[in-house]
Chemist: 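One structure coming up, written as structure tokens, with questions to follow.
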Amino acid sequence: MIDAHPHIGTNKLPQIIAKIRETILNFGGEIYFEHKLIDIIHDKSSIKEITVLDLNTNSGKTFPVQKLILATGHSARDIYELLNKKNILIEAKPFAMGVRAEHPQELIDRIQYHCGSLTEVNEKRTYLPASSYSLVQQVEGRGVYSFCMCPGGIIAPCATSQEEVVTNGWSPSKRNNPYANSGIVVGFDLKDFEPYKNFGALAGLEFQKQLEHNAWIHGGKMQTAPAQRLQDFVNNRLSSSLPDCSYQPGIKSVMMNEVLGKLIGNSLQQGFKAFGTKMRGYLTNEALIVGVESRTSTPVRIPRDKESLQHPELKNLFPCGEGAGFAGGIISAAIDGERCAEAK
Ligand SMILES: Cc1cc2nc3c(=O)[nH]c(=O)nc-3n(C[C@H](O)[C@H](O)[C@H](O)COP(=O)(O)OP(=O)(O)OC[C@H]3O[C@@H](n4cnc5c(N)ncnc54)[C@H](O)[C@@H]3O)c2cc1C
């Protein structure tokens with residue numbers, strides 16, 4: 001329990017999802033692939049119908065609703081916009097954004113396993129797994145911390161719309177890639193969304209969109225991600241070259257502060273300096289940062305009652321999982337799904 005890691009190995013997930021689907025079908029459920037929820041019809045106290053678009057035929061179907069578990073994840077911006085448009089209560093929520101940092105895994109092993117040489121690392125790695133880390137630092141009252149650390153992992157492109165660049169990370173079950181990556185993010189409070197206050201409950205989401213669009217522009221208006229060597233970033237120097245990186249679409253050397261803006265840039269610079277003293281060798285130009293890591297959790301909460309799990313206004317709506325703000329990661333989202341399914 002103490003050493004629990006959230007990453008079972010992303011390569012193992014497809015088989016698990018297939019089994020979940022089989023179970024649903026065996027119990028009489030129906031699954032509609034390539035269909036999208038596009039409308040919710042409700043009166044003052046409950047949802048009456050939903051409209052779903054068949055993406056292949058571009059035709060809509062309407063389903064009567066007795067109970068609706070809404071579990072569309074934290075990237076379903078169209079759903080937040082739909083709820084907002086339909087005057088269904090949603091709230092802005094604090095969340096965090098920043099970058100992915102990537103080091104050679106061997107370097108992190110050397111630090112964490114206290115090895116003097118590569119030979120020593122190799123000896124220890126005969127018995128020990130690719131090492132991980134967890135770092136946190138308060139910078140001017142704001143949390144800067146590692147998130148979703150992926151030993152032996154890969155940085156993945158995770159944009160969900162046009163004209164944005166979004167990074168995330170994953171580890172295969174063997175954790176045998178030559179890189180260690182982690183989100184390094186800065187926590188935001190509702191007051192930080194002030195410049196976007198005209199967007200109401202969607203203020204944080206607009207802030208997130210803006211950062212992802214900046215990354216797209218600085219990356220060259222493709223999925224190429226903006227990047228900088230770590231020490232160069234901390235010292236405000238453009239990197240004249242970049243090390244190899246696991247991010248497949250490629251990276252482009254830029255001044256990351258121009259992508260991130262003052263608030264995130266300064267917080268990360270100070271955070272990285274502190275991490276360099278906590279983990280000697282971490283703050284190095286062998287490492288790089290790639291941007292932007294912006295989908296740590298949802299910027300919008302769909303509220304619900306603690307006991308009944310129902311939306312405060314619509315009694316047959318059960319906001320669920322990470323997109324509603326009640327889970328973070330696969331297991332907690334899955335357990336939240338079970339709780340909503342069991343709710344009366
Ligand atoms: C690259 C990557 C690696 C990750 N690795 C890990 C890990 O190792 N461990 C971990 O704990 N977490 C990991 N996560 C996070 C994890 O995937 C999420 O926390 C989890 O999937 C959230 O579950 P959810 O069911 O709430 O939402 P989701 O899994 O996002 O599911 C939402 C579903 O709703 C669908 N949807 C959205 N809008 C609509 C609509 N309008 N109509 C119909 N359907 C819609 C989506 O297509 C999606 O299928 C990773 C995430 C990424 C991107």
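All of these numbers come straight from a predicted model, not from anything done at the bench. Each residue takes its place number in the sequence, starting with 1. All ligand and atom numbering here is 1-based and tracks the order in the structure.
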Chemist: Take a 6.0 Å sphere around NZ of K197 and say whether it holds more than 12 heavy atoms from other residues, nucleotides or ligands.
Modeler: no
Chemist: Please list, in number order, the atoms of ligand 1 under 4.0 Å from a heavy atom of G321.
Modeler: 26 (O)
Chemist: Given that the side chain starts at C-beta and the backbone is N, CA, C, O, which of these parts of H35 lies under 4.0 Å from ligand 1, counting heavy atoms, or is it both or neither?
Modeler: backbone
Chemist: What is the distance from atom CG of L135 to atom OG of S182, rounded to the nearest 0.5 Å?
Modeler: 7.5 Å
Chemist: Between the side chain of E34 and the main-chain N/O of N56, is any donor-acceptor distance below 3.5 Å?
Modeler: no
Chemist: Does any N or O atom in E322 lie less than 3.5 angstrom from one in ligand 1, N or O only?
Modeler: yes
Chemist: Measure from NZ or CZ of R125 to the centre of the six-membered ring of Y113, then state whether that distance is under 6.0 Å and the direction lies within 45° of the axis.
Modeler: no
Chemist: Counting N and O atoms only, with roles assigned by atom type, does the side chain of S253 sit under 3.5 Å from a partner on the main chain of S239, one being a donor and the other an acceptor?
Modeler: yes
Chemist: Is the closest heavy atom of A327 to ligand 1 under 4.0 Å?
Modeler: no
Chemist: I need the atoms of ligand 1 closer than 4.0 Å to a non-hydrogen atom of D78, numbered in the order shown.
Modeler: 41 (N)
Chemist: What part of L37, side chain from CB on, backbone N/CA/C/O, both or neither, has a heavy atom under 4.0 Å from ligand 1?
Modeler: both
Chemist: Look at atom 32 (C) of ligand 1 and find which of A76, A71, A156 reaches it with the closest heavy atom.
Modeler: A71
Chemist: Between the side chains of T72 and Y80, is a donor N or O closer than 3.5 angstrom to an acceptor N or O?
Modeler: no
Chemist: Which atoms of ligand 1 are found less than 4.0 Å from any heavy atom of A333?
Modeler: 22 (C), 23 (O), 24 (P), 26 (O)
Chemist: Measuring from the heavy atoms of S332, does anything fall under 4.0 Å of ligand 1?
Modeler: no
Chemist: What atoms of ligand 1 come within less than 4.0 Å of a heavy atom belonging to I79?
Modeler: 41 (N)
Chemist: Does the pair F207 and F188 meet the rule for a ring-ring contact (aromatic ring centres under 6.0 Å, His included), with working shown?
Modeler: CA-CA 11 Å; F207 182 19; F188 294 106; 5.0 Å; yes
Chemist: Mind checking whether G323 has an N or O less than 3.5 Å away from an N or O of ligand 1?
Modeler: no
Chemist: Short question: side chain of T126, backbone of N122 - any donor-acceptor pair under 3.5 Å?
Modeler: yes
Chemist: Can you list the atoms of ligand 1 that are under 4.0 Å from a heavy atom of G73?
Modeler: 27 (O), 30 (O), 32 (C)
Chemist: Flag yes if L89 and L37 sit in one hydrophobic cluster, no otherwise; membership is Ile, Leu, Val, Met, Phe, Trp, Tyr, and two members link when side-chain heavy atoms are under 4.5 Å apart.
Modeler: no
Chemist: Between ligand 1 and G169, is the shortest N or O to N or O distance under 3.5 Å?
Modeler: no
